[in-house]
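Structure first, commentary second.
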Amino acid sequence: MRAALVRLRRGTGLPVAFGGLTTGASQVRIAELSGAATDSLRGLGVVAGNGLGGKALGLARACAVTDYQGSRHISHEYDAPVAAEGLHSVLAVPVVVRRRVRGVLYGALRAARPLGDRALDAAMAAARDVEQALVVRDEVQSLLAVTRTPAAEDAGAWEEVREAHGALRALAPKLVDPGLRSELLAVCGKLALASDPVRPAEAPVRLTPREVDVLACVAAGATNAGAGERLGLRPETVKGYLRSAMRKLGAHTRGEAVVAARRAGLLP
């Protein structure tokens with residue numbers, strides 16, 4: 001959320017941005033502020049239908065006003081904290097994941113001026129970043145839940161974990177937020193160790209992130225062309241990464257490389 005607000009301010013040129021995630025089906029809690037001069041908005045609970053953010057939450061679409069306090073298109077339960085921050089023109093963009101609003105991002109001016117399409121487009125792009133992060137977080141939590149259940153011992157369940165592990169590694173390079181990308185790769189590492197947390201005391205094998213990405217695709221049954229399409233690489237580049245990984249793992253075939261990577265704790 002913090003990184004998305006910084007991007008929103010940079011992309012829109014608006015001096016103030018704030019937002020938060022839903023705490024229930026019908027309320028957003030303002031948790032992050034960027035460029036704010038006061039803490040008047042921090043912790044504010046915005047109910048669906050109330051104020052500008054509540055309108056965006058209830059309608060699941062972007063909304064904007066040129067003069068917050070004087071607008072006839074919204075209710076005015078939150079005029080006091082908005083006025084304390086000195087805000088006039090405000091836009092609110094919902095964060096929607098699988099047709100459910102999961103949060104709201106705001107951008108604002110301390111003057112009553114129209115907000116153009118450029119500002120709205122940039123705010124929506126920032127909201128997409130948050131949506132992507134939430135999708136990844138939901139998927140990671142789901143995968144970790146699988147590894148903690150007895151069903152995770154079944155071969156079929158582990159095949160699902162391995163397939164999802166490959167998908168998450170393919171997604172990581174596409175994430176805009178470097179912190180989220182590092183967090184996702186750390187979770188992939190936990191998944192890789194979850195299938196066999198007790199490893200023999202051997203010298204660790206050092207593979208590059210892309211070599212692990214390619215092996216994860218190979219483990220899921222992808223061809224070089226399929227792995228390339230998934231990772232955004234040319235088949236020849238995939239082949240080069242695979243050849244390098246096989247050499248480091250002491251493997252002579254793709255299958256041997258996958259087995260060796262699992263033994264080394266690099267793949268689930």
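Any value given below was found using the heavy atoms of this structure, including those in side chains, with hydrogens, waters and symmetry copies removed.
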query: Taking atom OG1 of Thr208 and atom OH of Tyr241, what is their separation to the nearest 0.5 Å?
result: 6.0 Å
- request: Rounded to the nearest 0.5 Å, what's the gap from CG on Leu242 to CG on Asp213? Could you check?
  value: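 Taking CG in Leu242 and CG in Asp213, the distance rounds to 12.5 Å.
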message: Using the side chain to side chain contact (heavy atoms under 4.5 Å, CB included) criterion, which residues pair with Ala133? Sequence neighbours excluded.
response: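 Counting only residues at least two positions away or on another chain, Ala133 forms a side chain to side chain contact (heavy atoms under 4.5 Å, CB included) with Leu180.
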task: Taking side chain to side chain contact (heavy atoms under 4.5 Å, CB included) as the test, write out the residues that go with Ser75, two or more places apart.
output: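 With neighbours one apart ignored, the set is Asn50, Glu77.
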Residue pairs involving [range] (criterion side-chain hydrogen bond (donor to acceptor under 3.5 Å, both in side chains); sequence neighbours excluded):
range            : answer
residues 215-234 : Asn224-Arg254
residues 15-36   : Arg2-Glu32, Arg9-Ser34, Thr23-Gln27
residues 83-97   : Thr38-Glu85, Glu85-Arg110
residues 115-126 : none

- prompt: So, Lys239 and Glu236, do they make that salt bridge, N to O below 4.0 Å?
  reply: no
Hey, any chance [X] and [Y] share a hydrophobic cluster, counting ILVMFWY side chains that come within less than 4.5 Å of each other, even indirectly?
X      : Y      : value
Leu8   : Ile30  : no
Val218 : Val205 : yes
Leu21  : Val28  : no
Leu233 : Val212 : yes
Val47  : Leu57  : yes

query: Can you list the steps and then say if Phe18 with Leu87 is a side-chain contact (heavy atoms from CB on, under 4.5 Å)?
result: CA-CA 12 Å; Phe18 50 99; Leu87 305 180; 3.7 Å; yes
message: So, using salt bridge (charged side-chain N to carboxylate O under 4.0 Å, His left out) as the criterion, who are the partners of Arg10 when residues are at least two apart?
response: none
Contact summary for [X] and [Y], nearest pair of heavy atoms:
X      : Y      : value
Ala225 : Pro235 : CA-CG, 4.1 Å
Ala108 : Pro15  : O-CD, 3.2 Å
Ala222 : Ala227 : CB-N, 3.9 Å
Ala122 : Thr12  : CB-CG2, 3.5 Å

message: Applying side-chain contact (heavy atoms from CB on, under 4.5 Å) to Val82 and Leu52, what does each step give before you reach the verdict?
response: CA-CA 11 Å; Val82 172; Leu52 182 67; over 6 Å; no
- request: Please list all pairs passing the salt bridge (charged side-chain N to carboxylate O under 4.0 Å, His left out) test where one or both residues lie in residues 42-71, with sequence neighbours left out.
  value: Asp39-Arg42
query: So which residues get pulled into Met124's cluster when ILVMFWY side chains under 4.5 Å apart are joined, directly or through others?
result: Leu14, Leu91, Val93, Leu109, Leu115, Leu120
Run the side-chain donor-acceptor check on residues 244-252: report pairs under 3.5 Å with partners two or more places apart or on a different chain.
unit_1 : atom_1 : unit_2 : atom_2 : d
Ser244 : OG     : Glu211 : OE2    : 2.6
Lys248 : NZ     : Glu211 : OE1    : 3.0
Lys248 : NZ     : Glu211 : OE2    : 3.2

message: For Pro81, is there any backbone N or O sitting under 3.5 Å from a side-chain donor or acceptor partner on Ser40?
response: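 A pair under 3.5 Å: yes.
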query: Is there a donor-acceptor pair under 3.5 Å between the side chain of His73 and the backbone N or O of Ala64?
result: no
Show me the side-chain donor-acceptor pairs of residues 94-106 shorter than 3.5 Å, one per line, residues at least two apart or across chains.
unit_1 : atom_1 : unit_2 : atom_2 : d
Arg102 : NH1    : Asp138 : OD2    : 3.0
Arg102 : NH2    : Asp138 : OD1    : 3.4

message: Suppose the criterion is ring pair (Phe, Tyr, Trp, His ring centres under 6.0 Å): which pairs have a residue in residues 41-72, not counting sequence neighbours?
response: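 Qualifying pairs, neighbours excluded: none.
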message: Under the criterion side-chain contact (heavy atoms from CB on, under 4.5 Å), I'd like the reasoning laid out for Leu215 against Leu266: C-alpha separation, chi angles, the key distance, then a yes or no.
response: CA-CA 9 Å; Leu215 282 177; Leu266 298 170; 5.8 Å; no
